[in-house]
Every structure is written in C-alpha cells, then in structure tokens.
Colleague: 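Quick one: the structure is below, and I'll ask about it shortly.
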Amino acid sequence: MKHIKTLNTKNLRETVKKGGCGECQTSCQSACKTSCTVGNQSCESKR
Amino acid sequence: MQVHQYRSNGLNIVLDVPSGSVHVMDDPAYEAIALLREGGDPEKIRRELSKRYGIDSDGCAGDQGAEDPVGEVLTEIAELREKGLLFTEEPYAPSIEEFSKRPTVVKALCLHVAHDCNLACRYCFAEEGEYHGRRAMMSYETGRKALDFLVANSGSRVNLEVDFFGGEPLMNWKVVKQLVAYGRSLEAESGKHFRFTLTTNGVLLNDEVMEFCNREMDNVVLSIDGRKEVHDRMRPFRSRKGDGGNPKDTDSNERDPKEAAAAGGASVGSYDAILPKFIKFAEQRRKLGLKYYVRGTYTHWNLDFAADVLHLADLGFDQISVEPVVAPAEADYAIRPEDLETLCEQYDLLAAEIIRREKEGKGFNFFHFMIDLSGGPCVYKRLSGCGSGTEYLAVTPWGDLYPCHQFVGIDAFLLGNVDDGVVRRDLVGDFKKVNVYSKEECSKCFARFYCSGGCAANSFHFTGNINSVYEIGCVLQRKRVECALMIKAALAASE
C-alpha cells in the first residue's frame with residue numbers, strides 16, 4: 001500500500017478460536033508489581 | 001467498533017482496537033480516518049480531502065499529473081476494512097462471559113518468605129515488610145505446604161510460577177533454597193515445571209546467592225530506582241542493629257547504629273551498597289542468557305524519571321522496568337493529577353531516546369514499552385486480567401492466602417490458608433468476574449487490550465472496589481501504550 005503501512009501480523013480476532021489455554025505467565029510474576037501489564041506478555045499456547 | 005488515532009514523534013498512528021491492528025499513515029489517509037470516524041460518507045470525504053489537497057473533484061491533481069491520492073487512500077482503507085483490519089466489530093463479549101465461568105486453576109504463587117526488611121523504603125506498600133501485621137519468616141514447613149497446594153490446584157497447567165517475595169526474601173535465604181529443592185523434587189512425579197523468581201533489594205546479595213539464582217531462578221527482579229539521589233531518598237537502610245553479613249534464615253543485616261550516628265542520625269541510602277552487586281549479577285545473567293530486570297519506582301519527587309531509566313541504561317542494564325508509585329493520595333510522594341502532563345512528556349522523551357539508542361545499536365528493553373504485534377497473549381488473557389484472586393495468589397509467612405501481594409493483610413480479602421485451601425470461593429468468584437467488560441470506563445478505552453482492565457488492587461485502594469479503575473494509572477497506561485506503538489512504527493519506518 002502506498003499511503004498506509006500495517007505493522008502487525010497477528011489479528012486478535014483470530015485468537016478467539018484457539019486462545020484461553022492459560023499456559024501464559026501471570027503478569028505480576030515478571031517485573032511489574034503495582035500495575036497491570038498484560039499486553040507485553042508472551043503466548044505459551046501449544047495448541 | 002473503535003479506532004484510536006494519534007500523532008506522535010512525527011508519525012500518524014491508527015489503532016483498530018478490536019483487532020489490535022496498528023497502521024502508520026500519511027497525512028491524507030490519517031485525515032480520511034478522522035473524517036470516517038465522524039461518520040462522513042465516502043463521497044463527502046472525497047470532496048473534503050480533495051479540497052484540502054488541491055485536487056479536482058474528478059481526482060486530477062492539476063499539474064501534478066493524473067495521480068489521485070484521495071482515491072488511493074479511500075481504496076486502501078476499504079481494502080483494510082475488507083480484511084478485518086480497520087473499523088472492525090468487537091465480538092468478544094459473549095466469549096469472555098463464557099470464559100469467566102470456567103473452572104480456574106492456581107498457576108502462580110507469590111511467597112512472602114519474609115515479612116521483614118533491611119531497608120525502610122518510604123513508599124513500601126508492605127510497610128517495611130510487615131504488611132499491616134507482625135514481623136515473621138516463613139518456615140520451610142509452611143512453604144512446602146504452599147508448593148503442595150499449588151501442585152494440587154494447578155490442573156493440567158505444566159509451568160508453575162513461584163515468586164520469592166517479601167519484605168526481603170534474602171532475609172530467609174535458607175528456606176528459599178530448601179523450597180527450591182523441594183519444588184524440584186516434585187517435578188518428575190507431578191509432571192510440573194517450577195519457574196522461580198526472586199525479587200530482592202540487593203542488600204544481602206552475594207556470590208553464593210547469585211550462583212544459586214543463576215542455576216535455579218527463571219527470573220530475578222532487582223530493586224533500584226535510578227539516580228543515586230533519587231534511590232537514596234526513598235530507599236534508605238533501617239536504623240536498627242544488625243549483623244552486617246550474609247543472607248540469613250532469621251534476622252537481617254541492617255544499618256549499624258554507629259554508622260547512623262556517624263551520619264548525624266540521617267538515614268543512609270542503599271544505592272552504593274547494592275549497585276556494584278546488581279551490575280555484576282545482571283552481567284552474569286546476560287552472559288548466561290537468563291532473565292533479569294532492574295525494577296524501580298518513580299514518585300512525585302522524581303517526575304523527570306526518564307533520567308532515572310536512562311541512568312540505569314547508562315550503567316549497562318538492558319532490562320529495565322520503572323513504574324509509578326502507588327500511594328495514598330495524601331502521601332507527599334504520591335503522583336498527583338497535576339503531575340500527569342509532565343509524566344506523559346517524560347514517556348515521550350524516553351521513547352524518542354530508546355529509538356535513537358536502538359538505531360545506534362545501543363538499545364535496551366523498557367518493560368512498559370514492550371509490545372508484541374506478531375504474537376502476544378490471546379484475547380481471553382487480554383480481557384480477563386492478571387489472574388489475581390484466581391490463578392495468582394499470595395501466601396503469608398504463616399500460610400494465609402490472599403488474592404495478590406497487594407491485598408495481604410487486609411482481612412476482608414483473606415481467602416484461606418495452605419492447610420485448608422481456598423475457603424472464600426465467593427471472593428474468588430468476585431475476582432473471576434473482573435474483566436474489561438465489567439468496567440464501564442474500560443469499554444470506552446483504547447488501551448483495554450493492553451492492560452486488561454488494570455490492577456484490581458489499585459482499583460480497590462483508590463475506589464474501595466476491585467471492579468473499578470485507578471484513573472491516574474489509566475492515564476499513564478494509555479500514554480505507555482501510545483509510546484510503545486510509536487516505537488514500533490518508528491523502527492519499522494527505518495528498516
């Protein structure tokens with residue numbers, strides 16, 4: 001496209017079908033203890 | 001349907017909120033999005049944009065030839081809409097409603113192995129480690145029961161997370177080591193894998209601790225706030241008698257009264273005592289390919305906190321997390337509404353500097369700007385929150401269970417204990433219902449898929465309700481998401 005550049009390759013809508021396995025880390029186990037930062041976590045799904 | 005658009009660092013960024021699609025646009029496209037969001041029909045928008053860009057209504061750009069940028073823009077937008085990447089509907093509410101009824105498993109524990117501390121950090125939500133209660137150390141027996149409880153309640157979840165927390169966990173180091181050994185002994189039979197994390201202020205850190213952590217800890221979180229004067233102001237030693245030595249399983253090394261007297265009774269900061277050890281530890285972890293974070297807190301007293309993040313980066317740390325303090329509004333160091341403008345400018349400044357350093361090959365990771373546009377968590381995770389009170393629990397030294405470390409000591413949130421398990425199923429049910437669709441503010445916020453509705457503890461402390469929002473935190477979260485996306489856009493543009 002000439003005027004628009006799309007950055008991401010993952011559409012959240014697609015995760016509805018296969019998501020929710022719960023293998024991912026809880027957010028406070030990483031480096032935030034006083035806020036909630038979920039968007040930067042990794043998906044650990046084996047599905 | 002929700003589209004968020006903003007200009008940052010010379011870039012036009014458009015976020016399609018339901019799909020998470022991020023687009024970088026030139027001016028005509030960006031303006032077309034704004035007009036479409038206002039509800040204009042394409043023909044009217046074509047006329048409006050043509051006027052702005054000096055193009056004939058039939059699409060000819062006069063002496064610029066036969067180009068039709070407005071037509072191209074509208075075609076590209078229509079294409080993205082067709083692909084489900086722009087102006088998409090949000091279909092998740094029924095799935096999340098169903099998801100919130102699922103039987104949950106416990107997959108992470110925050111073990112408060114020491115309700116005591118050798119520092120007296122002024123902003124500590126644990127009140128110098130005591131959490132509204134008494135000083136205490138977790139016994140091996142209690143910790144063992146906690147790990148048994150975790151294994152028994154984790155269902156089919158393989159990876160189990162255990163954070164050794166406090167107070168200061170190195171004040172109970174012997175028990176930490178025993179619990180790691182016990183956890184490992186459970187792995188083969190249970191089919192589980194423990195991921196251990198240690199969060200420490202560094203006072204008792206030594207070679208033996210580092211060597212053990214490098215062998216056993218999936219992650220270490222090292223508490224340091226940034227510049228010496230900033231760190232020392234908020235993180236002084238306690239002024240009581242200590243033994244000045246090694247990690248212990250009972251009492252601590254704290255500041256000697258003679259030292260306090262020599263300093264004229266003033267509190268002595270911990271920066272000089274911990275920094276060389278943190279540098280050494282981080283270097284070891286980096287070489288071994290192991291995770292670590294230096295983690296700091298900024299307050300009203302260092303609104304120029306970007307300088308603290310950059311100070312840590314200049315010291316060689318490349319995994320950095322610095323968060324706003326969470327404090328009662330009346331505390332002198334609390335973030336105030338009037339601080340927000342300055343703080344948002346600081347995030348902009350920090351983001352620009354991160355881009356500059358990245359391009360020079362001297363980049364570092366700032367935890368709150370991390371965003372994964374090619375992966376990241378699924379929509380269920382993004383909408384249902386951090387898992388406090390359901391998948392993530394905190395355990396006190398005497399084995400009581402709370403929804404997370406920030407609820408410890410608040411009687412109304414006592415869930416049970418390691419002997420009887422969770423007995424307040426009603427409270428677990430309350431936490432399960434917390435998601436972005438249960439909060440009116442979140443349903444309108446573009447950042448809802450990145451913070452998952454925010455921290456329940458912050459919400460409770462500021463509003464008295466776990467199902468609300470902490471507005472100061474929200475403003476800063478939105479800013480961080482904007483900066484994170486902008487960094488991605490800027491780095492993509494330079495590729």
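The figures here come from the full heavy-atom set of this structure, side chains too, leaving out hydrogens, waters and symmetry mates. Within every chain, numbering begins at 1; the chains are lettered A, B, ... in the order of the sequence lines, protein sequences first and strands thereafter. The shown structure was predicted, so the numbers you read here are calculated from the model rather than taken from an experiment.
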Colleague: Would you mind checking which part of B/I77 comes under 4.5 Å of any heavy atom in chain A, side chain (CB onward), backbone (N, CA, C, O), both or neither?
Modeller: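 The answer is both parts of B/I77.
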Colleague: Is B/K488 in contact with chain A via its backbone, its side chain, both, or neither, using a 4.5 Å heavy-atom distance?
Modeller: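 Both parts, backbone and side chain.
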Colleague: What part of B/V158 is in contact with chain A, defined as an atom under 4.5 angstrom from a non-hydrogen atom: side chain, backbone, both or neither?
Modeller: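 Interface part for B/V158: both.
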Colleague: Under 4.5 Å heavy-atom distance to chain A, tell me which part of B/A489 shows up: side chain, backbone, both or neither.
Modeller: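 Both parts, heavy atoms under 4.5 Å.
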Colleague: Between A/L12 and B/P18, which heavy-atom pair has the shortest distance, and what is it?
Modeller: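 The answer is CB-O, 3.7 Å.
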Colleague: What's the spacing between B/E72 CD and A/K2 NZ if we round to 0.5 Å?
Modeller: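 One gets 3.5 Å once the value is rounded to the nearest 0.5 Å.
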Colleague: Any chance you could measure A/T6, atom OG1, to B/E79, atom CD, to the nearest 0.5 Å?
Modeller: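 With rounding to 0.5 Å, OG1 (A/T6) is 9.5 Å from CD (B/E79).
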Colleague: Return the NE2 to OG1 distance between A/H3 and B/T75, rounded to the nearest 0.5 Å.
Modeller: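 It is 9.0 Å, given to the nearest 0.5 Å.
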Colleague: Has the side chain of A/R13 got a donor or acceptor atom that lies under 3.5 Å from a matching backbone atom of B/V379?
Modeller: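 Judged by distance alone, no pair lies under 3.5 Å.
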Colleague: Under 4.5 Å from any heavy atom of chain A, what part of B/F449 do you find: side chain, backbone, both or neither?
Modeller: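 Contact with chain A: backbone and side chain both.
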Colleague: Are the side chains of B/R382 and A/T15 in contact, using a 4.5 Å heavy-atom criterion?
Modeller: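 A side-chain contact under 4.5 Å is absent here.
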Colleague: Which one of B/E391, B/K291, B/K107 has the most heavy-atom pairs closer than 4.5 Å to chain A?
Modeller: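 The option with the most such pairs is B/K107.
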Colleague: Side chain, backbone, both or neither: which part of B/P377 has a heavy atom under 4.5 Å from chain A?
Modeller: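 For B/P377, backbone and side chain are both near chain A.
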Colleague: Could you please spell out the steps behind the side-chain contact (heavy atoms from CB on, under 4.5 Å) verdict for A/N11 and B/L85?
Modeller: CA-CA 8 Å; A/N11 187 327; B/L85 300 174; 3.7 Å; yes
Colleague: Strictly distance-based, threshold 3.5 Å: is any side-chain N or O of B/E76 a donor or acceptor partner for the main-chain N or O of A/I4?
Modeller: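 Yes, B/E76 side chain to A/I4 backbone: donor-acceptor pair under 3.5 Å.
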Colleague: I need the minimum non-hydrogen distance between B/G376 and A/C43, along with the two atoms involved.
Modeller: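 The pair with the smallest heavy-atom distance is O-CB, 3.2 Å.
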Colleague: For B/L485 versus A/L7, what's the shortest heavy-atom pair and its separation?
Modeller: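 Closest pair (atom of B/L485, atom of A/L7, distance): O-CD1, 4.4 Å.
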Colleague: Report the residue from B/S21, B/S19, B/S374 that forms a side-chain contact (heavy atoms from CB on, under 4.5 Å) with A/N8.
Modeller: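 Exactly one pass, corresponding to B/S21.
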Colleague: Among the options B/V73, B/D16, B/D372, B/L86, pick out the one with the most heavy-atom pairs lying under 4.5 Å from chain A.
Modeller: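 Of B/V73, B/D16, B/D372, B/L86, B/V73 has the most heavy-atom pairs under 4.5 Å with chain A.
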Colleague: Write down the atom of B/A492, the atom of A/K5, and the distance for their closest heavy-atom approach.
Modeller: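 For B/A492 and A/K5, the tightest heavy-atom pair comes out as O-NZ, 3.2 Å.
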Colleague: So, the side chain of B/Y92 versus the backbone of A/V16: is there a donor-acceptor pair under 3.5 Å, distance only?
Modeller: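 It does not hold such a pair.
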